[in-house]
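Below is one structure, written out as structure tokens, with a few remarks after it.
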Protein chains: 2
Amino acid sequence: MTDEIPEVVIERLPLYVRTLELLVGAGQEVISSRELGDLLGVTPAQIRKDLSYFGRFGKQGRGYAIAALVGQLRSILGLDRRWRMALVGVGHLGRAILAYDGFARQGFDVALAFDADPRVVGTVIDGVPVHDIAVLPDELGRSPVDIGIIAVPARAAQAVADRLVECGIFSILNYAPATLRVPAPVHVRTVDPVLQLQSMTYYLKSAEADPVPSGA
Amino acid sequence: MTDEIPEVVIERLPLYVRTLELLVGAGQEVISSRELGDLLGVTPAQIRKDLSYFGRFGKQGRGYAIAALVGQLRSILGLDRRWRMALVGVGHLGRAILAYDGFARQGFDVALAFDADPRVVGTVIDGVPVHDIAVLPDELGRSPVDIGIIAVPARAAQAVADRLVECGIFSILNYAPATLRVPAPVHVRTVDPVLQLQSMTYYLKSAEADPVPSGA
DNA sequence: TCCTGTGAAGGCTTTCACAGCT
DNA sequence: AGCTGTGAAAGCCTTCACAGGA
């Protein structure tokens with residue numbers, strides 16, 4: 001009964017949370033949709049509509065009590081608990097992920113790691129044990145996680161995704177430059193800065209051809 | 001006269017290019033919109049519609065000549081040349097970016113770097129000279145770049161973005177967990193895996209409450 | 001027969017605009 | 001007066017469905 005809230009709305013909520021938490025830290029107690037919209041670069045109507053999917057959090061004439069709203073949104077998003085993640089691939093990128101403390105600071109713990117290279121299997125990196133990818137099902141059975149992180153070469157990414165799905169993983173954060181096909185209930189988010197650069201160049205190119213974008 | 005091609009379309013083109021290049025490498029010469037759609041998880045109609053914004057690249061009854069299509073798309077996106085980038089922030093993340101060869105392999109060169117820390121200013125990391133952020137305008141005047149990469153702490157990100165914009169930068173790849181406000185002609189793409197995790201947990205949470213997603 | 005290119009339809013998302021509460 | 005919550009309108013994007021070419 002996940003009553004059809006548009007995915008775009010869900011994807012904006014973390015943005016609201018982040019900015020509201022900054023305001024809490026700054027001591028602000030109340031904010032209007034207009035003010036929050038200005039900070040985020042979205043329209044006030046969009047903020048009000050988004051929030052209205054989940055309840056009535058505001059006070060007419062005043063705005064939203066920031067601390068209370070943050071609490072509600074964190075609870076809606078499931079950010080009121082910690083989440084366990086398994087990392088697959090401990091090459092350059094995987095190691096950077098293990099060394100990064102930003103996930104843990106936000107409640108996401110990398111609990112275990114996997115790799116195919118026998119030279120790293122059995123080691124512990126930044127406190128995280130590295131297992132052989134072959135024992136993925138065993139280890140995830142013993143020590144279940146909520147989220148899988150893929151940090152392997154593109155050519156291996158689909159096979160890893162398939163295995164994670166087989167192990168009952170429903171959420172995948174994919175760092176490989178590959179399009180992953182997964183069954184419907186599984187969610188994939190891909191981190192791919194090259195793809196992002198490759199779409200920005202379209203506008204750079206157009207701008208060069210037409211240095212005054214307003215004209216003609 | 002950038003005749004209003006929806007941004008979502010532009011953002012899909014690099015995806016098409018990537019998959020088509022894989023097929024070229026595998027020796028395939030022709031592909032139908034249905035086949036490409038299957039590989040990418042999008043509808044054939046969407047692929048045909050997207051491509052139709054730019055021309056008529058297909059042959060009825062046959063499909064698209066892959067090599068030719070890749071060439072067209074790369075040219076449309078501006079991927080038929082190299083692009084110069086400036087990195088701001090050479091902390092952990094910035095160094096990982098400098099060490100990463102994936103940008104250069106795709107035609108994006110980090111030409112120079114900036115930081116505020118006097119201990120790194122003047123050094124050369126992975127072949128890239130690190131300048132003081134204070135001389136950003138001078139250095140970019142001397143050695144212009146097309147794209148700025150922000151890899152500084154969130155609290156400093158907006159100020160860096162403002163400076164890059166002042167220096168005439170129109171494209172920014174932002175790794176800081178911050179919402180950047182920039183004037184209209186400037187494009188920002190943000191890389192923020194935490195935000196992506198924070199929206200996936202919504203679905204994990206719902207699934208736990210309702211283990212059989214299909215039921216009433 | 002197979003598949004593209006494309007108007008039209010359909011569906012989804014954003015924005016408007018205002019009743020109603022503080 | 002100020003601001004929310006929300007139906008309705010507008011706008012945008014995707015999908016349909018088919019004419020027409022190979």
Side-chain angles (χ1 to χ4, degrees), chain A residues 2-16 19-20 23 28-73 76 179 184 199 202-203, chain B residues 2-16 19-20 23 28-73 76 179 184 199 202-203:
Chain A
T2 311
D3 243 359
E4 286 342 320
I5 291 162
E7 182 147 359
V8 281
V9 172
I10 301 301
E11 287 174 359
R12 278 191 295 264
L13 297 188
L15 236 46
Y16 299 166
T19 296
L20 291 170
L23 295 170
Q28 188 172 342
E29 293 181 2
V30 173
I31 194 168
S32 67
S33 58
R34 183 181 40 70
E35 203 181 340
L36 182 56
D38 287 346
L39 290 172
L40 286 164
V42 304
T43 65
Q46 177 153 87
I47 289 171
R48 294 201 302 274
K49 178 68 100 178
D50 284 354
L51 297 180
S52 77
Y53 281 105
F54 303 97
R56 302 152 65 104
F57 305 120
K59 283 216 177 10
Q60 285 156 324
R62 252 172 91 57
Y64 300 87
I66 300 177
L69 182 55
V70 166
Q72 294 275 4
L73 292 178
I76 289 163
T179 302
S199 61
Y202 172 80
Y203 299 101
Chain B
T2 311
D3 243 358
E4 285 345 317
I5 290 162
E7 181 147 359
V8 281
V9 172
I10 302 301
E11 287 174 359
R12 278 192 294 266
L13 297 188
L15 236 44
Y16 299 166
T19 296
L20 291 169
L23 295 170
Q28 187 172 340
E29 292 180 1
V30 173
I31 195 167
S32 67
S33 59
R34 183 180 42 69
E35 202 180 342
L36 182 56
D38 287 346
L39 290 171
L40 285 165
V42 304
T43 64
Q46 178 153 86
I47 290 171
R48 294 201 301 275
K49 179 66 98 178
D50 284 355
L51 297 179
S52 77
Y53 281 105
F54 304 97
R56 302 153 64 106
F57 305 120
K59 282 216 178 8
Q60 284 156 326
R62 252 171 91 55
Y64 300 88
I66 300 177
L69 181 55
V70 167
Q72 295 274 5
L73 292 178
I76 288 163
T179 302
S199 63
Y202 172 79
Y203 300 99

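In the text below, chain A, chain B and the rest are named by the order of the sequence lines, each starting its count at 1. Predicted model, so just to flag it, every value in this text is computed and none were measured.
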What integer distance in Å separates B:F54:CZ from C:dG5:C1'? 15 Å
Rounded at 0.5 Å granularity, tell me how far CZ in A:F57 sits from CG in A:L73. 6.5 Å
Rounded distance (Å) that lies between atom C1' of D:dA19 and atom CZ of B:R56: 12 Å
Can you say whether a donor on the side chain of A:Q60 sits under 3.5 Å from an acceptor on the base of D:dT4, or the other way round? yes
Short side-chain N/O contact to C:dT13 OP1/OP2 from A:Y53, under 4.0 Å: no
Think A:S33 has a side-chain N or O under 4.0 angstrom from the OP1 or OP2 of D:dT4? yes
Please report, rounded to the nearest Å, how far the C1' atom of C:dC3 is from the CZ atom of B:R62. 11 Å
Residues at least two apart in sequence or cross-chain that pass side-chain contact (heavy atoms from CB on, under 4.5 Å) with A:Q28, listed by chain then number, are A:L23, A:I31, A:E35, A:I66
At less than 4.0 Å, is any side-chain N or O atom of B:Y64 found next to OP1 or OP2 of D:dA22? Yes or no. no
Protein-nucleotide distance (A:D38, atom CG; D:dC3, atom P), rounded to Å: 12 Å
With DNA chain D as reference, determine whether A:G58 or A:G61 sits nearer its 5' end, using the nearest nucleotide of each. A:G61
Please compare B:E7 and A:L51 by the position of their nearest nucleotide in DNA chain D and report the one closer to 5'. A:L51
Pull out every residue in residues 41-49 of chain B that has a heavy atom closer than 4.0 Å to any atom of DNA chain D, ordered by number, or say none. B:T43, B:A45, B:Q46, B:R48, B:K49
Is the closest side-chain heavy-atom distance between A:F54 and A:V9 below 4.5 Å? yes
Out of C:dC21, D:dT6, C:dT14, minimum distance to the side chain of A:R12 belongs to C:dT14
Would one find more than 12 heavy atoms of other residues, nucleotides or ligands at under 6.0 Å from atom CD of B:E7? yes
Round to a whole Å and report the spacing from CZ of A:R34 to P of D:dT4. 9 Å
Could you check how far CG of A:D50 sits from C1' of C:dT13, rounded to whole Å? 10 Å
Of the nucleotides D:dT4, C:dT6, D:dT6, which has the atom closest to the B:S52 side chain? C:dT6
Rounded to whole Å, please give me the gap between CD1 in B:I10 and P in D:dC13. 11 Å
Test item: B:T19 and B:L36 side chains (from C-beta on) under 4.5 Å apart, heavy atoms: yes
Minimum heavy-atom separation for A:Y202 to B:I76, with atom names? CD1-O, 3.3 Å
Output the distance between atom CG (B:L51) and atom CZ (B:R12), rounded to the nearest 0.5 Å. 10.0 Å
Starting at atom CG of A:L69, determine the distance to atom P of D:dT4, rounded to an integer number of angstrom. 11 Å
